[in-house]
Each structure stands twice: as structure tokens, then as C-alpha cells.
Amino acid sequence: MINYPSSKLPDVGTSIFAVMSALANEHQAINLSQGFPDFNCPDELIQLVTKYMQEGYNQYAPMPGMAALRHKISEKTQKVYGYRPDADQEVTVTSGATEALFAAITAVVKPGDEVVVLEPCYDSYAPAIRLAGGVPVYVPLALPNFSIDWDLLRKNISRHTRLLIINTPHNPTGAVMSREEMEKLANLTDGTDILVISDEVYEHMVFDGQEHVSALQVESLRQRSFVISSFGKTYHTTGWKIGYVVAPPALTAELRKMHQFITFCTVTPLQLAIADFMDNEEHYRSLPDFYQAKRDMFCDLVRPSRFELMPSAGTYFQLLKYDAISTEHDLDFARRLTKEVGVASVPVSAFYHNKTDHHYLRFCFAKSEDTLRQAAERLVKL
Ligand SMILES: Cc1ncc(COP(=O)(O)O)c(C=O)c1O
């Protein structure tokens, strides 16, 4: 008999995204739970991948990423954020933002280090911190707008704080950090050795004329930050799992030590295809309008329902509050909505370590008009 070791993450089960998607499949519900588009990526991208595969680009890529892609990322960063990272020393291509987060966290967090996490938050942060021996320090975002409570944040920073993780535009709430907030964060960390991870995977989904503010745009923050993005979100290719990290040379060197033993490198023909496609600036420049139209359509259709629409300033998620419909816990309500009404969502309590329930569900509107219309028709009947 083998005595298997006890779990390193005993409280971690299957992610809520997989659970809700499986429930959606089981009940043939419309799946607005997991964050992925139900429409295809640009045809040109598919043709480029095919071309590079046929040309024989099917072997390992260089560990930090294909040079062509790293240079394009560097150029684009200059164009969009006014800072040109060194393609060789400051840009690393990873297997999705998920790997980038894991590599950045494990690169810098040592046993006993505290990592400040603003909740609700993406589900991969805390497990990565804990596996590195770090201690997540959870600081709730302030309702109703899920903004940063600066006094509370300040109180939770100690001499053990090694890292602080921000996410803007924010999943699941759709909140977007302003330039003023980014500068406040810079002031808060100035004079300390605290590092920052700025998860900016939804950088091109900011609405109503507002601009995404990157940590790269504030110099003192840039010097202490891993700024992470994902081509999956920008190019409607979540299944390709290609992301990247921009970080100062010393942080990049440590991050790459992790990256080379997690995956070593990322899919070669996909990197080359994306590098070519990045010349098409129009694609990412039109993304805010593209997704804002979907948000507005979904909201207009859901407005007559008994759900309360919360503001969504960015991302492809819309929160709906269901106080007027039920007093159930959000997980129970989300399950019932999937089974009985035929629309799958994600309960926001899943983004809190202690499952705090404010009666919000998260709906993904990265879907075709048809899908959104059918889902809204069902929600309005409740
Ligand atoms: C906030 C946030 N960070 C990171 C990721 C992971 O991105 P990727 O699919 O590129 O690993 C996601 C995906 O949903 C996300 O919402």
C-alpha cells in the first residue's frame, strides 16, 4: 500500500469555470460562464499558422519567445503605452497569461513572504502564491464600484510584503483603474521593495471613451512590475494559450528561470502567426467598440428583467445582481439558473477566498448576437 502524500492544495477543487461549463453542457444551457468568444478568430491568423506549419516551423521556439514576436510586442508597447521595452531583456512569451502569472509569482515569492491580493480576483493567483510558500493577504475591493480602498490596502502592507497583484480591467467586476489610482499605487510602493504584478489581459477592452492605464506608463511602477497580457483575449484565441510579460531585465531574468522549467517555450507557428498579425493595428484599436457594442446589446436586452445591471467599464464581463429575484447563495442561484432557466454564469463568490456572497453573477458577453439574444430572452422571463 502506498501512502500518497497529503495534498499541497487541499482546499482547491475543479475551477468554477470548468464546473459551470460542464453543468451548462449537461443541461444544454447557453454558456455565458467561461470567458471565451463563441465566434472565430480572424481567418488571416488561421492562414498564417497553417503557412508557418507547412513551411516547417514545428520545432521548439527559443526559450524567451520567437525574436520576431518579442520585437513586435516591444514596438506595440511603445505605440500604445509610450515605453519601448528591450525585446531581448524585457519581453518574454509565455503559454498564456496563466503561465506568466505562475512564473512571475514563483520567481519572486519566498516562503513566508506576504502577497497582497485584491478580492474578488482571478482564481490562479492564490494557489501560485501558496505553492511558492507565500501567504496571500486578501484585501477586499470596495463596493459598489469594486474600487481600491486605499486605507485598507495601506493597513495590509507590512515589512513582509513582497508582492502586490493588481488586475485592470478587472475580472470579474469590469472595474478599470484610473491614471490617478495607478499613480496612487506608485506613491504607495515608492521607497519600498514591494514588487507588482499588473494583470492587464483585458487591456483592449475598455469602454465609454475611457483609456486603459498600464503600469508601464508610470515609471516608478514600471521598474517594479511584471506587466502581463494575453493574445488569447485580444485575438479571440483563448485556446492558443499565448501570453507575455514585460518586466525590467533583473525581474525578466528571474522569471525566465521559472518559465524554462515550466514549459521551456511556447508553440512556434502560433508565435510567428501572431507576430505577422500584429501589423494589423486596426484589430486591437477596434476592440473597445466591438465589445462595447456587445455589452450595450446584452444590457439593453436584460434591462427589462428583474436583474440589476452593474457598471462594466471594461473586460467582456457583465455583473448582474439578483436581490430582487432570490435570497439564495449565488452558487445555488447560478446552478438553478443553469438547470431551470438554461443560462450558465459564474457566481462571484467563487472569486473570494472565503466565498463572500454579494448576490452577483458574472456573465460573459464575448458571444454572437444570437447567443446574447437567446440568453437575454430567458433571463427576462425570470
Ligand atoms: C484576469 C485574468 N488573468 C489571466 C487570465 C489567463 O489568461 P490566459 O488564458 O492567457 O492564460 C485570465 C483568463 O480568463 C483572466 O481573466
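Remember, it's 1-based here, ligands and their atoms both numbered in the order they're listed. Heavy atoms only: backbone and side chains are in, while hydrogens, waters and symmetry mates are out. In this text the structure is predicted, and so the values were computed from the model without any measurement.
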**Study point:** Donor-acceptor contact below 3.5 Å, side chain His259 vs main chain Met63
**Key:** yes
Review point. Does ligand 1 have any atom sitting under 4.0 Å from a heavy atom of Asn167?
Key: yes
Review point. Looking only at heavy atoms of Lys233, does any of them come nearer than 4.0 Å to an atom of ligand 1?
Key: yes
Polar-atom distance check: [X] versus ligand 1, any N or O pair below 3.5 Å?
X      : answer
Ala97  : yes
Lys241 : yes
Asn171 : yes
Thr238 : no

Review point. Can you tell me how far the CD atom of Glu114 sits from the CG atom of Asn156, to the nearest 0.5 Å?
Key: 8.5 Å
Practice item. With rounding to the nearest 0.5 Å, note down the distance linking OG in Ser74 to NZ in Lys79. Key: 10.5 Å
Review point. Closest approach of Leu319 and Thr173, non-hydrogen atoms and distance?
Key: CD1-CA, 3.9 Å
Study note, to complete from the structure: Of Tyr122, Phe17, Phe36, the residue with the heavy atom nearest atom 5 (C) of ligand 1 is Tyr122
Exercise for review: Answer whether the closest heavy-atom distance between the side chains of Arg362 and Gln318 falls below 4.5 Å.
Suggested key: no
Practice item. Could you tell me the residue and atom name of the protein heavy atom closest to atom 3 (N) of ligand 1, and the distance to it rounded to 0.1 Å? Key: Asp199 OD2, 2.6 Å
Exercise for review: With heavy atoms only and a cut-off of under 4.0 Å, state how Tyr202 meets ligand 1: side chain, backbone, both or neither.
Suggested key: side chain
**Study point:** Ligand-side contact atoms (ligand 1) for residue partner Gly96, heavy atom cut-off under 4.0 Å
**Key:** 10 (O), 11 (O)
Check your understanding: Relative to the heavy atoms of Ser230, which atoms of ligand 1 are at a distance of less than 4.0 Å?
Key -> 8 (P), 10 (O)
Practice item. Run through Tyr284, Tyr316, Phe39 and flag the one making a ring-ring contact (aromatic ring centres under 6.0 Å, His included) with Phe290. Key: Phe39
Exercise for review: Verify the ring-centre separation between Phe351 and Tyr122: is it less than 6.0 angstrom?
Suggested key: no
Exercise for review: Would you mind checking if Asp193 and Arg159 are paired as a salt bridge, meaning a charged N to carboxylate O distance below 4.0 Å?
Suggested key: no
